[in-house]
Every structure is written in C-alpha cells, then in structure tokens.
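No hydrogens, no waters, no symmetry mates; every other heavy atom, side chains included, goes into these values. If you're wondering where the values come from, they're calculated on a predicted model, not measured in any experiment.
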Amino acid sequence: MCYDFSALQQVARRTVSTSARRPVENKVPQNQKLFQEDNGIPVHLKGGTSDALLYRATMALTVVGVGYVVYELVKAAFPQKKN
C-alpha cells in the first residue's frame, strides 16, 4: 500500500513538473479598461452579447418563477370545494 502511494506521488510529480506550459496572455488590463469605460452601459451588460442573453434569461426565469409562486399561493388560499 505504501509503495503504491509513493509510486503515485512520483508519477504525479513528474507529470506536473515536465508538462509543457502554454504562454497565457494577461487580459486583465484590457478587461479593466473595458469595464471602467464610462459609456452609459451598466456594468453587468458590458461583457457583450453573452451578458445580455444571460441577463434576459435570468429575468425571464425570475418572472416565470414569481408567476408560479403567485399561482400556487392563490391555489392554496382558495382550495377547491368538494362535491
């Protein structure tokens, strides 16, 4: 058991230390400039089309959920009469 664990550690260490790393471009300054720009767009929509779609989908689900809650409350408040 102990031998298996030490072998696993060696394999993991070798895999991590010898793997090729891709150079990653730092996009933080570009994003800071985009989000700090004063162009009248709310910050939650400055990400573009995907942000607008996510916002609209969230609002639609919220409206549907509130409608369903109101429906269930009305149904519970006025139960059907038994014949």
Side-chain angles (χ1 to χ4, degrees):
M1 177 71 180
C2 190
Y3 174 73
D4 293 335
F5 186 67
S6 65
L8 180 63
Q9 280 182 331
Q10 285 179 343
V11 170
R13 192 176 301 128
R14 190 178 317 128
T15 303
V16 170
S17 65
T18 61
S19 62
R21 296 188 180 176
R22 295 182 295 160
V24 179
E25 181 185 351
N26 186 7
K27 296 180 182 178
V28 173
Q30 296 168 353
N31 286 337
Q32 284 177 339
K33 189 182 290 186
L34 172 73
F35 284 99
Q36 290 177 356
E37 188 175 303
D38 187 19
N39 54 4
I41 298 174
V43 71
H44 59 274
L45 296 176
K46 284 190 178 185
T49 306
S50 62
D51 280 352
L53 288 174
L54 284 171
Y55 176 75
R56 289 180 182 157
T58 302
M59 288 299 110
L61 286 172
T62 302
V63 169
V64 168
V66 168
Y68 184 70
V69 167
V70 169
Y71 168 75
E72 289 294 327
L73 284 173
V74 169
K75 192 168 86 171
F78 301 110
Q80 293 180 350
K81 294 182 181 178
K82 294 180 182 177
N83 289 337

- Item | Beyond-backbone contact of Gln32 with Glu37, side-chain heavy atoms, under 4.5 angstrom | no
- Query: Does Met59 share a hydrophobic cluster with Leu45, counting links as ILVMFWY side-chain heavy atoms below 4.5 Å and allowing steps through other members?
  - Reply: yes
- Task: May I ask whether Leu53 and Ile41 are part of the same hydrophobic cluster, defined by side-chain heavy atoms of I, L, V, M, F, W, Y residues being less than 4.5 angstrom apart, directly or through others?
- Result: no
- Donor-acceptor contact present, side-chain Lys46 to main-chain Asp51, <3.5 Å: no
- Task: Identify, with sequence neighbours excluded, every residue that meets side chain to side chain donor-acceptor pair (under 3.5 Å) alongside Glu72.
- Result: Tyr68
- Indicate if Leu73 and Val66 have the same hydrophobic cluster label, given that clusters are the connected sets of ILVMFWY residues with side-chain heavy-atom separations under 4.5 angstrom. no
- Message: My understanding is that only residues two or more places apart in sequence, or in another chain, count here; which of them pass ring pair (Phe, Tyr, Trp, His ring centres under 6.0 Å) with Tyr55?
- Response: His44
- Query: Counting heavy atoms not belonging to Asp38, are there more than 12 under 6.0 Å from its CG?
  - Reply: no
